[in-house]
Amino acid sequence: MLKKLMQPKNLKYLLAIAAVAMAFVGFKNFTGDKDKEAVVFSMVQDALMTLHLQPRELNDELSEEVFQQFLEEVDYNKLLLTGEEVAQLEQYRLSLDEAFQQHSSAFFETAYALLQNGIERSRTIYRTVLSEPINLESDRSLNSNPELRPHAANEVALQQYWEDQLTWRVINRMYNKQRAQEEDAATDSTVTLKSLEELEAEAREKELEQQEDWFDNIKDISRLEWFGMFMNAYCMSFDPHTTYQAPREQENFELSMTGQFEGIGAQLKKEGDYIVIDRIIAGSACWRQGDLQAGDKILSVAQGDGEPLDVVGWKVADAIKYIRGEKGTEVRLTVKKKDGARQVIPIIRDVVELESTFARSALLDG
């Protein structure tokens, strides 16, 4: 099998496998994020330069591509960083080739700090803008294609862009809702048309929900996954089929390919500080046990008779690490029911199959 893998036509696949596998091996002996990042950087650099069919020359051209690829990956819509902050990163534009050779993460450290600040700043901006009625009389324009506009020059300009962006999105929602209700009213005399004020308030509320979901997902990205984007900027500069997958991405990839995992069989979502059961997968371990229901809020997780871990305020991805486990092992969930009652639910983990993952075929009329 090794001989087959080492054939030139298969080396590009081996690269992604090797980078991930070696990173996992390294993680057993390193605990801090920076230690893990150092292992990943070393392995990705070694894989790209020794296993890739056509290793690229490390020069300024490569460095510029990596710089641009990373910015597009982390802030494609130009909603997080300002032009002033991008200018702070410009000092690294032509030195990322040397950084690759030296395994230097100085660029990533600077970019990561700016991004975390930008996430919190943008969250404050959209919450403030959407807390008050949108001015429907303003006469402004917006270029909605981020590829055709630069980053907002500074924080003031970024706030103005956010205001324009949210105004445009709210008006779009209002327009679609108004058309829908007018069509309904044309065939149903009982339909009451809502005023512009009512439509605006509803559209703003929906937009706030969407922004909150989007930023919750961004906040759920771990530092190691941000670092994975940095590594992928190098991989993509070599060719579009070479990627580094952080551990969680690798797990999701394997799940998407096999349609199976070992756990309890419940889909989870985040609501405020709580992790909530969104759906029970038919035939799964928790479906057979019967006590866990959609809408239950998970308060703590215990491994068998072990000490429960309070998971209120946790990210979904972090809680999943403790809820999933080997087939035949027990996990105990302390949940808060819809009526406020608390219940400890013991579940024996099993193989969960996601039927929607599998391809199907049918033969019709011969």
Side-chain angles (χ1 to χ4, degrees), residues 32-34 36-37 40 66-92 105-132 142 144-147 149-170 204-233 246-249 252 268-275 312-320:
D33 279 343
K34 292 187 178 181
K36 293 176 182 178
E37 290 163 11
V40 171
V66 172
F67 182 86
Q68 199 59 41
Q69 181 71 36
F70 179 74
L71 284 184
E72 290 179 4
E73 178 71 16
V74 300
D75 191 22
Y76 174 76
N77 289 315
K78 299 175 181 174
L79 292 168
L80 304 178
L81 299 177
T82 66
E84 291 177 341
E85 290 162 342
V86 173
Q88 293 181 44
L89 299 175
E90 284 288 339
Q91 61 179 305
Y92 300 99
S105 297
F107 168 72
F108 173 73
E109 290 288 349
T110 304
Y112 180 74
L114 291 173
L115 283 165
Q116 296 308 301
N117 177 70
I119 290 168
E120 292 303 322
R121 175 180 58 205
S122 290
R123 183 160 235 176
T124 299
I125 291 174
Y126 77 71
R127 284 175 173 173
T128 301
V129 172
L130 294 174
S131 66
E132 298 178 353
L142 170 72
S144 60
N145 186 346
E147 294 182 1
R149 62 176 179 79
H151 282 84
N154 48 42
E155 291 191 5
V156 174
L158 181 65
Q159 174 147 350
Q160 183 63 64
Y161 173 71
W162 265 106
E163 290 177 4
D164 292 343
Q165 169 90 349
L166 293 171
T167 297
W168 172 59
R169 290 178 64 86
V170 168
R204 222 170 358 103
E205 182 180 356
K206 289 294 183 183
E207 183 61 29
L208 179 60
E209 289 178 7
Q210 185 168 14
Q211 292 296 336
E212 291 285 64
D213 286 344
W214 187 47
F215 271 78
D216 282 345
N217 289 334
I218 293 178
K219 290 293 290 182
D220 201 34
I221 300 173
S222 68
R223 176 186 165 110
L224 193 59
E225 287 169 319
W226 286 107
F227 187 78
M229 298 179 202
F230 178 42
M231 290 295 94
N232 266 319
R248 184 164 66 171
E249 292 174 326
N252 291 336
L268 310 178
K269 64 180 179 180
K270 191 74 180 290
E271 287 185 1
D273 287 333
Y274 291 99
I275 296 171
V312 176
W314 281 29
K315 298 176 182 178
V316 171
D318 292 336
I320 285 175

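No hydrogens, no waters, no symmetry mates; every other heavy atom, side chains included, goes into these values.
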Original post:
With a 4.5 Å limit on heavy-atom distance, are the side chains of Glu207 and Leu166 in contact?
Top reply: yes
Subject >> Spacing of Gln211 atom CD and Arg204 atom CZ [to the nearest 0.5 Å] >> reply: 14.0 Å
**OP:** Measure from the ring center of Phe108 to the ring center of Phe227 and say whether it is less than 6.0 Å.
**Re:** yes
**OP:** Please round to the nearest 0.5 Å and tell me the distance separating atom CG of Asp164 and atom CZ of Arg169.
**Re:** 13.5 Å
Subject >> Output field: ring centroids Tyr112/Phe230 closer than 6.0 Å >> reply: no
Original post:
Would you say the side-chain atoms of Glu225 pair up with the backbone N or O of Ser222, donor to acceptor, closer than 3.5 Å?
Top reply: yes
Original post:
Do any N or O atoms from the side chain of Lys78 and from the backbone of His151 form a donor-acceptor pair under 3.5 angstrom?
Top reply: no
Original post:
Taking C-beta and beyond as the side chain, do Tyr126 and Glu212 meet within less than 4.5 Å on heavy atoms?
Top reply: yes
Please list every donor-acceptor pair under 3.5 Å in which a side-chain atom of residues 113-120 meets a protein atom from a residue at least two apart or in another chain.
unit_1: Glu120; atom_1: OE2; unit_2: Lys219; atom_2: NZ; d: 2.8

Original post:
Counting N and O atoms only, with roles assigned by atom type, does the side chain of Lys270 sit under 3.5 Å from a partner on the main chain of Asn217, one being a donor and the other an acceptor?
Top reply: no
**OP:** Check whether any side-chain heavy atom of Glu85 sits under 4.5 Å from a side-chain heavy atom of Leu89, and report yes or no.
**Re:** no
Subject >> Glu155 to Thr82 - nearest heavy-atom pair and separation >> reply: N-CG2, 4.0 Å
Original post:
Roughly how far, to the nearest 0.5 Å, is CD1 of Ile125 from CD of Gln160?
Top reply: 10.5 Å
**OP:** Fit a plane to each ring of Phe70 and Phe107, take the angle between them on a 0 to 90° scale, and name the class: parallel (under 30°), tilted (30 to 60°) or perpendicular (over 60°).
**Re:** perpendicular
Original post:
Considering only heavy atoms from C-beta outward, does the side chain of Leu224 approach that of Glu37 to under 4.5 Å?
Top reply: yes
Subject >> Test: Arg149 cationic atom under 6.0 Å from Tyr161 six-membered ring centre, within 45° of axis >> reply: yes
Original post:
Going by distance alone, is a donor N or O of one side chain under 3.5 Å from an acceptor N or O of the other, for Trp168 and Ser144?
Top reply: no
**OP:** Check whether any side-chain heavy atom of Val170 lies under 4.5 Å from a side-chain heavy atom of Leu130, and answer yes or no.
**Re:** yes
Original post:
Do the side chain of Asn77 and the main chain of Leu79 share a donor and acceptor less than 3.5 angstrom apart?
Top reply: no
Original post:
If you measure from CZ on Arg121 to CH2 on Trp162, what distance do you get to the nearest 0.5 Å?
Top reply: 11.0 Å
**OP:** Indicate the atoms forming the closest heavy-atom contact of Ala157 with Ala153, along with that distance.
**Re:** CB-N, 3.7 Å
Original post:
Can you tell me how far CD1 of Ile218 sits from CH2 of Trp226, rounded to the nearest 0.5 angstrom?
Top reply: 6.0 Å
Subject >> Main-chain N/O of Val129 paired to Glu132 side chain as donor or acceptor, under 3.5 Å >> reply: no
Original post:
Between the side chains of Glu147 and Tyr76, is a donor N or O closer than 3.5 angstrom to an acceptor N or O?
Top reply: yes
Original post:
Between the main-chain N or O of Leu80 and the side-chain N or O of Asp75, is there a donor-acceptor pair closer than 3.5 Å?
Top reply: yes
Original post:
For the atom pair OG1 (Thr167) and CG (Leu142), what is the distance rounded to the nearest 0.5 Å?
Top reply: 9.0 Å
Original post:
Is there a side-chain contact between Arg123 and Asp216 (heavy atoms, below 4.5 Å)?
Top reply: yes
**OP:** Would you name the heavy atoms of Glu271 and Lys269 that are closest together and state the gap between them?
**Re:** OE2-CE, 3.0 Å
Subject >> Side chain to side chain, Ile221 and Met229, heavy atoms closer than 4.5 Å >> reply: yes
